[in-house]
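Okay, structure first, notes after.
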Amino acid sequence: MFANRVGSAFFLFFTLCCITSALAEDYDPRDVVNAAEDFVSLIDYGLFAESWEEGDPLLQIRTPREEWIGRLALERDLFGWVLHRSPRVSTYRDSLPGLPDGDYVIVVFDSVFERKRAAVETLIMVLDAEGGWKSVGYSLK
């Protein structure tokens with residue numbers, strides 16, 4: 001009986017290691033964070049229209065271009081220039097409210113702005129058909 005438990009525990013451990021390894025090969029969190037940083041750098045430089053154009057089609061469908069530009073211009077005017085940004089967490093999800101099922105990663109940055117010392121930037125990134133990561137959403141709080 002003890003041997004069965006040890007054998008079962010070993011099998012479970014081995015299976016979990018294989019699953020974790022397969023997921024690690026499919027998604028490199030650094031790639032997602034780098035894509036999120038590239039996207040948000042467009043916003044940092046005031047290239048709001050370009051950020052909308054670089055976003056995933058889901059972003060463009062959900063948020064009209066002029067609404068996107070206006071919201072970002074207002075937020076960045078209130079907060080000022082970004083002084084520092086560091087990634088805090090990235091979380092994989094295959095389903096999010098209001099979005100079709102897919103491969104999503106929520107990337108959260110702790111950020112410091114001229115007029116907001118403790119800000120949180122959240123990006124929702126989606127894996128596109130070409131294997132790259134595109135933004136579906138951005139929020140600043």
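Positions are given from 1, in the same order as the sequence printed here.
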Kindly indicate whether the side chain of [X], heavy atoms from C-beta on, has any atom under 4.5 Å from the side chain of [Y].
X	Y	result
Val112	Val82	no
Trp133	Leu127	yes
Val33	Phe109	yes
Leu123	Ile106	no

Following the transitive rule for hydrophobic clusters with a side-chain heavy-atom cut-off under 4.5 Å over Ile, Leu, Val, Met, Phe, Trp and Tyr, establish whether [X] and [Y] coincide in one cluster.
X	Y	result
Ile61	Leu96	no
Leu42	Val40	no
Val126	Val108	yes
Val136	Val120	yes
Tyr104	Val107	no

Could you give the distance from [atom1] ([X]) to [atom2] ([Y]), rounded to the nearest 0.5 Å?
X	Y	atom1	atom2	answer
Ser111	His84	OG	NE2	8.0 Å
Leu58	Ile124	CG	CD1	10.5 Å
Leu78	Glu114	CG	CD	12.0 Å
Leu72	Ile43	CG	CD1	5.0 Å

Can you list the residues that meet the ring-ring contact (aromatic ring centres under 6.0 Å, His included) rule with Tyr45, with sequence neighbours excluded? none
Once ring-ring contact (aromatic ring centres under 6.0 Å, His included) is applied, do any residues pair with Phe113, and if so which ones, sequence neighbours excluded? Phe79
For a quick test of reading the model, state the closest non-hydrogen atom pair linking Ala36 to Met125 and the distance between them. N-CE, 3.6 Å
Evaluation steps, side chain to side chain contact (heavy atoms under 4.5 Å, CB included), between Val32 and Ser90: CA-CA 8 Å; Val32 184; Ser90 58; 5.6 Å; no
Regarding Asp103 and Tyr92, do their side chains bring together a donor and an acceptor under 3.5 Å, going by distance alone? yes
Suppose we screen for salt bridge (Lys or Arg N to Asp or Glu O under 4.0 Å). Which residues come up paired with [X], at least two apart in sequence or across chains?
X	value
Asp44	Arg76, Arg85
Arg71	Glu75
Arg88	Asp110

Using the side chain to side chain donor-acceptor pair (under 3.5 Å) rule, collect all pairs that involve residues 46-62, keeping only residues at least two apart or in two chains.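 For residues 46-62, and leaving out neighbouring residues, the side chain to side chain donor-acceptor pair (under 3.5 Å) pairs sorted by first residue read Ser51-Trp68.
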Kindly indicate, with the supporting measurements, whether the criterion side chain to side chain contact (heavy atoms under 4.5 Å, CB included) is fulfilled by Thr122 and Tyr138. CA-CA 6 Å; Thr122 305; Tyr138 169 79; over 6 Å; no
Inspect the surroundings of CZ in Arg30 and state if more than 12 heavy atoms from other residues, nucleotides or ligands are less than 6.0 Å away. no
